[in-house]
Amino acid sequence: AVSALGLAVLFGASESTNAQTRKQIQKQQQKVAKQQQKVYKQQQKAAKQQQKLQNMRYRVYRNGSYYNTDYRGAELLKQAVNRGYQEGFRAGQADRRNRRNSSYNNSSVYRNGNYGWQNYVDSRQYQYYFQQGFQRGYQDGYNSRNQYGSNNNGGLNILGSILQGILNLQQY
């Protein structure tokens with residue numbers, strides 16, 4: 001009888017432990033499901049924002065006329081200015097280091113102006129904006145300054161206000 005009673009107590013305790021373990025697993029599964037829902041909602045929100053950006057239209061004003069583009073084109077033109085700035089900065093530093101006269105016009109990279117160009121935007125537009133960035137980067141690099149851009153841990157970027165002044169992007 002004592003053995004039977006011991007077995008019953010042991011079995012009851014084991015059953016109670018199993019029930020607690022099942023509840024913990026259920027709670028954990030519910031927690032994971034809530035987190036997955038939250039991530040899914042965030043992904044949906046990001047996708048909607050990206051779609052909205054892709055549908056945006058921009059107008060770039062240059063030399064008395066307008067150039068229309070979409071979000072991707074605007075990003076590529078911004079990239080042209082930044083790449084121009086980066087390449088110009090390096091060329092200016094090299095000319096200073098080698099004791100050459102300051103002249104960004106002597107650079108083949110400047111004259112070509114197509115470093116990083118993608119045929120999504122007009123090559124002449126890209127070239128113009130690349131050269132605008134190059135001129136400013138060259139001046140900063142040659143004169144060892146950061147008037148037009150910044151250098152954060154080796155990452156060269158033109159300042160946002162300068163970029164906007166060059167591109168004159170207008171959303172419509």
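Numbering starts at 1 and runs along the sequence shown.
The structure places CG of L77 at 9.5 Å from CD of E75, a figure rounded to the nearest 0.5 Å. Summarising the geometry, atom CG belonging to D70 is positioned 9.5 Å from atom OH belonging to Y58; distances are rounded to the nearest 0.5 Å. Here the straight-line distance linking atom CD of Q30 with atom CD of Q28 works out to 10.5 Å at 0.5 Å rounding. Between the CD atom of Q131 and the CG atom of N114 there is a distance of 9.5 Å, given to the nearest 0.5 Å. Once rounded to the nearest 0.5 Å, the distance linking OG1 of T69 with CG of L76 reads 7.5 Å. The OH atom of Y67 sits 9.0 Å away from the CZ atom of R124 when rounded to the nearest 0.5 Å.
Note on ring orientation: taking the six-membered ring where Trp is involved, the planes of F134 and Y110 are tilted (angle from 30° to 60°). Taking the six-membered ring for Trp and thresholds of 30 and 60 degrees, Y138 and Y104 have ring planes more than 60 degrees apart, a perpendicular arrangement.
No side-chain donor from either of Y126 and Q118 sits under 3.5 Å from a side-chain acceptor of the other. Inspection of the D122 and Y128 side chains reveals no N or O donor paired with an N or O acceptor under 3.5 Å. Between R90 and Q86, the side chains place no donor N or O within less than 3.5 Å of an acceptor N or O (distance only, hydrogens not considered).
Looking at every heavy atom in both residues, R111 comes nearest to Q127 through O-NE2, 3.1 Å. What you find for Y120 and R72 is that their closest heavy atoms are CD1-NH1, 3.1 Å. Here the closest non-hydrogen pair linking F89 and R145 is CE1-O, 3.7 Å.
Contact check for Y148 versus Q135: no side-chain heavy atoms found under the 4.5 Å cut-off. Residues K31 and Q35 are in side-chain contact: their nearest non-hydrogen atoms beyond the backbone lie under 4.5 Å apart. Residues N112 and F130 have side chains not in contact (no heavy-atom distance under 4.5 Å, counting atoms from C-beta outward).
Neither Y66 nor Y129 shares a network with the other; the hydrophobic side chains, linked directly or stepwise wherever heavy atoms of I, L, V, M, F, W or Y lie under 4.5 Å apart, form separate groups for each. In terms of hydrophobic clustering, with Ile, Leu, Val, Met, Phe, Trp and Tyr side chains grouped at heavy-atom distances under 4.5 Å, V121 and Y61 are assigned to different clusters.
The main-chain N or O of S144 is never found under 3.5 Å from a side-chain atom of Q93 such that the two would form a donor-acceptor pair. Side chain of S150 to backbone of N152: no donor-acceptor contact under 3.5 angstrom is found. Between the R96 side chain and the N143 main chain, no donor and acceptor come within less than 3.5 Å of each other.
No more than 12 heavy-atom neighbours from other residues, nucleotides or ligands sit within 6.0 angstrom of OH on Y115. Other residues, nucleotides and ligands place no more than 12 heavy atoms under 6.0 Å from the CG atom of N101.
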Between side-chain atoms of residues 154-172 and protein atoms elsewhere (two or more places apart, or another chain), which donor-acceptor pairs fall under 3.5 Å?
unit_1 : atom_1 : unit_2 : atom_2 : d
Q164   : NE2    : L169   : O      : 3.1

